[in-house]
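Just so you know, these numbers use all the heavy atoms, side chains as well, and skip hydrogens, waters and symmetry mates. Quantities reported herein were computed from a predicted structural model and do not represent experimental measurements.
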Amino acid sequence: MIEYKKFTLDNGLRVLVHEDSSTPLAVVNILYDVGARDEDPDKTGFAHLFEHLMFGGSVNVPNFDGPLQRVGGENNAFTNNDVTNYYLTVPAENLETGFWLESDRMLSLAFSDKSLEVQRQVVIEEFRQRYLNQPYGDVWLLLRPLVYKVHPYQWATIGKEVRHIEDASMRDVKDFFYRFYRPNNAVMVVAGNVQFDEVKQLAEKWFGPIPAGEANKRMLPQEPEQTEKRTLEVERDVPFDMIYMAFHIGNRMGEDYHAWDLITDILSRGKSARLLNELVKKRGLFSDANAFISGDADPGMIIVTGKLIDGVSFEQAEVSIWEQLDRLKSTPLDFNELQKVKNKAEASHVFSEMEALNVAYNLAYFELLGDASMVNTEVEKYQAVTADQIKRLANTALVEQNCSVIYYKSKK
């Protein structure tokens with residue numbers, strides 16, 4: 001059970017505190033309710049650009065890393081399609097340094113032409129190296145617009161194309177910042193060797209004066225139901241053929257989320273996973289096969305991938321995957337197989353709670369979804385999944401008309 005206390009500042013910043021005297025460290029995690037889905041379709045990649053800009057100097061602190069490192073702190077950040085998360089750890093006695101740094105960049109960035117240009121080039125280089133010049137790197141740039149036709153999940157966090165970052169103006173950047181990086185659009189969690197009263201005093205001192213922004217009302221287009229199979233074949237300079245199959249599923253808060261997560265575990269988690277045993281070990285069709293869910297806040301995807309052995313055709317590969325998916329639809333799930341993946345999910349969850357960083361992020365994320373206390377019901381939700389539920393989901397969603405496939409062909 002993760003215990004926490006919560007308060008909200010007058011400017012709307014929600015603050016959660018998790019006291020843990022077993023560690024000498026303190027964690028400050030700030031989760032902003034903005035991701036790639038909130039971008040203008042003609043100006044994508046901004047949430048990810050800001051992940052970099054937020055380290056390029058704020059209004060009163062020209063260098064973020066220097067002061068933090070001098071007090072023994074570390075920091076990092078990540079962006080996805082739903083959220084942007086910044087986190088730092090410091091020795092608990094230096095907690096106020098973390099508050100000073102994070103509050104200053106929430107107040108305002110430096111917004112210098114130099115910083116924008118430096119970070120722009122960093123992002124452009126990342127786009128080219130990780131997505132355009134890396135084997136299989138462009139798969140998400142191809143798969144997302146195949147699966148999504150109207151929802152902004154149709155582009156990856158890096159953005160649709162390099163040009164959107166190249167053309168980003170200072171006005172574009174400022175507008176994006178003052179729309180989304182406001183205290184009323186954020187959740188802060190302080191965890192570790194801290195005291196609630198101290199955190200509250202520091203939060204009011206450093207974050208209280210920051211003005212709130214306008215309420216951000218998210219009104220995203222809903223993806224219509226897919227009614228026919230979609231396919232795309234590409235040829236690239238990669239070592240092996242690969243197949244990617246994606247199916248629409250529900251969202252992170254949906255009642256079936258945990259069942260979907262267990263379905264992917266049945267297919268590909270551990271040495272007894274079906275794809276590994278049947279298609280890799282026994283039949284030798286793939287050198288590697290996996291299944292996972294995207295875990296998105298809005299309706300997401302289950303993705304099945306396979307790296308084909310030389311001589312295996314895409315037709316053979318796809319048929320073999322369908323055979324495994326059809327097993328889920330028609331053959332009753334063995335109690336022990338289901339219990340095994342439930343136990344693995346529980347173990348992973350419990351183990352993650354041993355890290356203050358994980359606790360801080362999970363509290364922030366569930367608070368953003370609606371209620372931080374949901375962090376304490378995850379295990380029972382996994383344990384409540386039934387074999388009938390898994391069979392029902394497989395028959396509903398793992399069907400051809402709900403499937404988008406990329407045949408990623410190696411140039412021979």
(request) Using a strict cut-off of less than 4.0 Å between a Lys/Arg side-chain nitrogen and an Asp/Glu carboxylate oxygen, indicate whether R252 and D296 qualify as a salt bridge. (result) no
(request) Determine whether the side chains of T97 and N94 contain a donor N or O and an acceptor N or O closer than 3.5 Å. (result) no
(message) Between E198 and E96, is the side-chain contact (heavy atoms from CB on, under 4.5 Å) condition met? List the steps.
(response) CA-CA 10 Å; E198 178 193 16; E96 189 162 9; over 6 Å; no
(message) Pairing donors with acceptors under 3.5 angstrom, does anything connect the side chains of D104 and S58?
(response) yes
(request) For the residue pair D288 and N290, confirm or rule out a side-chain donor-acceptor distance under 3.5 Å. (result) yes
(request) Without swapping roles, check the side chain of E400 against the backbone of E228 for a donor-acceptor pair under 3.5 Å. (result) no
(request) Report yes if some heavy atom in the side chain of F314 is under 4.5 Å from a heavy atom in the side chain of L308; otherwise report no. (result) yes
(request) Answer yes or no: is there a side-chain heavy-atom contact under 4.5 Å between L101 and P67? (result) yes
(request) For E51 and T79, test the side chains for any donor-to-acceptor distance below 3.5 angstrom and give the result as yes or no. (result) yes
(request) Test E117 against every option in Q119, K114, Q121 by the side-chain hydrogen bond (donor to acceptor under 3.5 Å, both in side chains) rule and name the one that passes. (result) Q121
(request) Output yes when D265 and K344 qualify as a salt bridge under the 4.0 Å nitrogen-oxygen rule, no when they do not. (result) no
(message) Under the side-chain hydrogen bond (donor to acceptor under 3.5 Å, both in side chains) test against Y408, which residue among T305, D138, D241 passes?
(response) D138
(message) Is the distance from the ring center of F111 to that of F177 below 6.0 Å?
(response) yes
(message) I'd like to know if E166 and R163 make a salt bridge, using a cut-off of under 4.0 Å between side-chain N and carboxylate O.
(response) no
(request) With the side chain counted from C-beta on, respond yes when V194 and V17 share a heavy-atom pair under 4.5 Å apart, and no when they do not. (result) yes
(request) Answer yes or no: is there a side-chain heavy-atom contact under 4.5 Å between M188 and F99? (result) yes
(message) Applying side-chain contact (heavy atoms from CB on, under 4.5 Å) to M245 and I303, what does each step give before you reach the verdict?
(response) CA-CA 6 Å; M245 301 171 64; I303 300 102; over 6 Å; no
(message) Show, in sequence, the C-alpha distance, side-chain angles and deciding distance for E126 and R130, and conclude whether the salt bridge (Lys or Arg N to Asp or Glu O under 4.0 Å) test is met.
(response) CA-CA 6 Å; E126 181 182 346; R130 291 184 56 192; 2.9 Å; yes
(request) Could you check if a side-chain atom of P224 sits within less than 4.5 angstrom of a side-chain atom of V150, using non-hydrogen atoms only? (result) yes
(message) Does this structure show an ion pair linking E214 with R182, if we count only N-O contacts that are shorter than 4.0 Å?
(response) no
(message) In terms of relative ring orientation, are H151 and Y148 parallel, tilted or perpendicular, with 30° and 60° separating the classes?
(response) tilted
(request) Measure from NZ or CZ of K200 to the centre of the six-membered ring of F7, then state whether that distance is under 6.0 Å and the direction lies within 45° of the axis. (result) yes
(message) Between E255 and K381 (salt bridge meaning N to carboxylate O under 4.0 Å), is one present in this structure?
(response) no
(request) Establish, yes or no, whether the cationic atom of R105 lies under 6.0 Å from the six-membered ring centre of F55 and within 45° of the ring axis. (result) yes
(message) Just checking W155 against Y131, ring centres under 6.0 Å apart?
(response) no
(request) May I ask you to check whether R392 and T386 show a side-chain donor-acceptor distance below 3.5 Å? (result) no
(request) Decide yes or no on ring pair (Phe, Tyr, Trp, His ring centres under 6.0 Å) for H258 and Y382, but give the supporting numbers first. (result) CA-CA 6 Å; H258 301 83; Y382 279 111; 4.7 Å; yes
(request) Consider only side-chain N and O atoms of N11 and N184, and report whether a donor and an acceptor are under 3.5 Å apart. (result) no
(message) Using a 3.5 Å distance criterion without hydrogens, assess whether the side chain of D256 forms a donor-acceptor pair with backbone atoms of A259.
(response) no
(request) May I ask you to check whether Y153 and D82 show a side-chain donor-acceptor distance below 3.5 Å? (result) yes
(request) Determine, for E318 against K229, whether the closest basic-nitrogen to carboxylate-oxygen distance falls under 4.0 angstrom. (result) yes
(message) Are F50 and F176 an aromatic pair, judged by ring center distance below 6.0 Å?
(response) yes
(message) Given 3.5 Å as the limit, does a donor-acceptor pair link the side chain of S268 with the main chain of A291, or not?
(response) yes
(message) When you measure from the side chain of E19 to the backbone of G192, do you find a donor-acceptor pair of N or O atoms at a distance under 3.5 Å?
(response) no
(request) Answer with yes or no whether the side chains of N251 and D298 bring together a donor and an acceptor at under 3.5 Å. (result) no
(request) Indicate whether the side chain of N358 and that of E353 have a donor and an acceptor atom separated by less than 3.5 Å. (result) no
(request) Using the ring of F196 (Phe, Tyr or Trp, six-membered ring only), decide whether K5 places NZ or CZ under 6.0 Å from its centre and within 45 degrees of its axis. (result) yes
(message) When you compare the side chain of S108 with that of Y178, does any pair of heavy atoms fall below 4.5 Å?
(response) yes
(request) Would you indicate whether the side-chain heavy atoms of E346 and E378 approach each other to under 4.5 Å? (result) no
(message) Quick check against the 3.5 Å criterion: does T84 have a side-chain atom that pairs as donor or acceptor with the backbone of G35?
(response) no
(message) So N402 and L398, do their side chains get closer than 4.5 Å, heavy atoms only?
(response) no
(message) For the residue pair Q339 / Q383, report whether a side-chain donor-acceptor contact shorter than 3.5 Å exists.
(response) yes
(message) Assess the residue pair K43 and D167 against the criterion (salt bridge (Lys or Arg N to Asp or Glu O under 4.0 Å)); give the C-alpha distance rounded to whole Å, side-chain angles, the decisive distance to 0.1 Å, and a yes or no.
(response) CA-CA 8 Å; K43 296 177 181 179; D167 293 346; over 6 Å; no
(message) Keeping T377 on the side-chain end and M374 on the backbone end, is there a donor-acceptor pair under 3.5 Å?
(response) yes
(request) Ignoring hydrogens and angles, tell me if any N or O in the side chain of N193 forms a donor-acceptor pair with the backbone of A26 under 3.5 Å. (result) no
(request) State which residue, out of Y361, Y32, Y365, fulfils the ring pair (Phe, Tyr, Trp, His ring centres under 6.0 Å) condition with F78. (result) Y361
(request) State plainly whether the residues E323 and R283 are in salt-bridge range, i.e. N to O under 4.0 Å. (result) yes
(message) Given 3.5 Å as the limit, does a donor-acceptor pair link the side chain of R14 with the main chain of T8, or not?
(response) no
(message) Could you tell me if E102 and W206 have a donor-acceptor pair between their side chains, going purely by distance under 3.5 Å?
(response) no
